[in-house]
S.K.: 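Supplied in structure tokens, the structure appears directly below.
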There are 2 protein chains.
Amino acid sequence: MTTPARGLHARVLQALGPAITAGDYPPGSVLRTDELAQSFEVSRSVMREAVRVLESMHLVESRRRVGVTVRPTAEWNVYDPQVIRWRLAGRDRARQLRSLTVLRSAVEPVAAGLAARNAGPEQCAELTECALGMVATSRGHQLEGYLVHDVAFHRVILAASGNEMFARLGDVVAEVLTGRTQHQVMFEDPDPEAVTLHVRVAEAVREGDARRAEELTREITVGALHELDVLAP
Amino acid sequence: MTTPARGLHARVLQALGPAITAGDYPPGSVLRTDELAQSFEVSRSVMREAVRVLESMHLVESRRRVGVTVRPTAEWNVYDPQVIRWRLAGRDRARQLRSLTVLRSAVEPVAAGLAARNAGPEQCAELTECALGMVATSRGHQLEGYLVHDVAFHRVILAASGNEMFARLGDVVAEVLTGRTQHQVMFEDPDPEAVTLHVRVAEAVREGDARRAEELTREITVGALHELDVLAP
DNA sequence: GTGACACAAACATCTGACTTTTTATTCCGG
DNA sequence: CCGGAATAAAAAGTCAGATGTTTGTGTCAC
């Protein structure tokens, strides 16, 4: 699914990042680069690069004479897809999924409305194809196949909105959908009503009906929220 | 305004980052670490750390035998506050401001609605204080003072929503508001109607009227969009 | 108690050697 | 002429060690 860790420093990150986001090193904890380098059996240079990346994600702060301190959760760059992935794999996955789904419920309807105005024929076709794919895989425990089409569908909507910030939420939504499938926060088969809604959104976008696209997408995201309340209370 | 560059690698970043986001090195360009290190007069270690950070922002990709390639704009982590700041300082500030403002128009109304349900007395007080501060500085070319209260206001709303993802957009909104003030994409005095709307949002939140808070905030963001159309066509 | 000062801890930087991966080129057999 | 295998080279990746720099802390004189 994710690239299998190119480079030593990336492997260190894939161990350290999840540990920090999971709370193994609670905010305020102090790490020493040298010790970390030893425990991971890498050179200081490599460890320093890893720390720099964590620092750019605002997960830690490196200060002379003090060490590398873990920053308060409220300061983390939680829009970094990497951070999202780490957190979805960790403990408070439920809380994380909920706040992300609320974000989706704010953004995706507006994006769908814009998509209805801006989508080109190409994108409309893609959208229809995705929706059909979802229908085809909506029964018989084909969650992986369904996921692929679902992710693609929402990616196309966000991209077709013509707004760069929306488009870049494609990764975030992908993480959410993947996360809830992989971690069994999902029924065995997707909600048939949700599938229908996707098909109708594709229609609305094709017809350029912004208001309907927005409203239908709102129903999808509201449904996702409810589903979350049922499955991850 | 921003921290004045702690460490050598940060200083390199503050030069390279804006250069890349401004398009001085268009996507596909290949940089060599050694050359960069020489031209910035730093050691390779420092340059490597800087590159690693750029890589974590998905601005570049580093591959053996090839070099450091600038990635397509569509892949950048545009939610990284650092990246936002760099881009707002660069060329297509107008386009950037617009897409960020559209994002605000999707998120902030929903956040305000949630804030009306979740805000504690403390936050309500803060909100009122911010609104009053905005009123006080809304006349007589006090744009800097106004900005402070405006930023604080929206931060409180986003934080009071109780949703972590919304809360973390506080930095993004701050960048937008600061950006449009600093770069003269703003009238000499703020729109009086906008000021009034902020006061009324504070009221609505205090009274727990979610629907009204949402609707009023929508008016604020729609106004911001219109203002943008007028001032940065 | 307080302020100046010295010490030490941890990160920060530099350097040079060595390794590894990947790409391009060359060379050979068909 | 072509295709594939051997080869060379380029650039990032890794490491180890020396040295600089900031800063928290404790001490000592007053």
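Below, read A as the first sequence line, B as the second, and so on, with proteins coming before strands; counting in each chain starts at 1. Worth knowing before you read on, the calculation uses all heavy atoms, side chains too, and leaves out hydrogens, waters and symmetry mates.
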S.K.: Short of 4.0 Å, heavy atom to strand atom, which residues of residues 61-70 of chain A count as contacting DNA chain C?
M.R.: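 Heavy-atom contacts with DNA chain C come from A/S62, A/R63, A/R64, A/R65, A/G67.
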
S.K.: Test for a donor-acceptor pair under 3.5 Å between the base of D/dG17 and the side chain of A/R44, counting only N and O atoms.
M.R.: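 Counting by modelled atom types and ignoring angles, a donor-acceptor contact under 3.5 Å is found here.
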
S.K.: Expressed as a whole number of angstroms, how long is the span from A/L8:CG to C/dC18:P?
M.R.: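 It is 20 Å, rounded to the nearest whole Å.
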
S.K.: Using a strict 4.0 Å threshold on nitrogen-to-oxygen distance, state whether B/R87 and A/E164 make a salt bridge.
M.R.: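 Looking at A/E164 together with B/R87, the answer is yes, because their closest N to O distance falls below 4.0 Å.
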
S.K.: Would you check, one step at a time, whether the test side-chain contact (heavy atoms from CB on, under 4.5 Å) holds for B/L59 with B/V83?
M.R.: CA-CA 9 Å; B/L59 258 49; B/V83 173; 4.2 Å; yes

S.K.: To the nearest 0.5 angstrom, please state how far the CE atom of A/M57 sits from the OG1 atom of A/T21.
M.R.: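 With rounding to 0.5 Å, CE (A/M57) is 10.0 Å from OG1 (A/T21).
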
S.K.: Using the side-chain hydrogen bond (donor to acceptor under 3.5 Å, both in side chains) definition, which of the options A/R52, A/E49, A/R48 pairs with B/H9?
M.R.: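 That would be A/R52; it is the only one of A/R52, A/E49, A/R48 passing the side-chain hydrogen bond (donor to acceptor under 3.5 Å, both in side chains) with B/H9.
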
S.K.: Is the B/Y79 ring parallel, tilted or perpendicular to the A/Y79 ring (thresholds 30°, 60°)?
M.R.: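 Judged by the thresholds at 30° and 60°, the geometry between B/Y79 and A/Y79 is parallel.
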
S.K.: A/E41 CD to D/dT14 P: how many Å, rounded?
M.R.: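 Those two atoms, CD and P, are 15 Å apart.
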
S.K.: Walk me through it: do A/Y25 and A/L16 pass the test side-chain contact (heavy atoms from CB on, under 4.5 Å)?
M.R.: CA-CA 9 Å; A/Y25 305 96; A/L16 242 192; 3.9 Å; yes

S.K.: Mind calculating the distance between CE (B/M47) and C1' (D/dA11) to the nearest angstrom?
M.R.: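 Those two atoms, CE and C1', are 15 Å apart.
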
S.K.: Strictly below 4.0 Å, heavy-atom distances to any atom of DNA chain D: list the hits from residues 24-35 of chain A, or just say none.
M.R.: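 The answer is none.
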
S.K.: Are B/R91 and B/D24 ion-paired here, with the side-chain N under 4.0 Å from a carboxylate O?
M.R.: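 Yes, B/R91 and B/D24 are salt-bridged.
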
S.K.: Taking B/L97 as the fixed residue, which of B/L228, B/D92, B/V102, B/L231 is the one that meets the side-chain contact (heavy atoms from CB on, under 4.5 Å) rule?
M.R.: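 Between B/L97 and the candidates, side-chain contact (heavy atoms from CB on, under 4.5 Å) is satisfied uniquely by B/L228.
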
S.K.: Which nucleotide sits closest to the side chain of B/E49: C/dT13, C/dC14, D/dG13?
M.R.: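 Nearest to the side chain of B/E49 among the choices is C/dT13.
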
S.K.: When the distance from CZ of B/R48 to P of C/dA12 is rounded to whole Å, what number comes out?
M.R.: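 Taking CZ of B/R48 and P of C/dA12, I get 17 Å after rounding.
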
S.K.: Could you give the CG-to-P distance, from B/L54 to D/dA12, as a whole number of Å?
M.R.: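 My rounded result for the distance is 14 Å.
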
S.K.: Kindly say if B/R52 contacts the phosphate of D/dG13, meaning a side-chain N or O under 4.0 Å from OP1 or OP2.
M.R.: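 Yes, B/R52 has a side-chain N/O under 4.0 Å of OP1/OP2 on D/dG13.
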
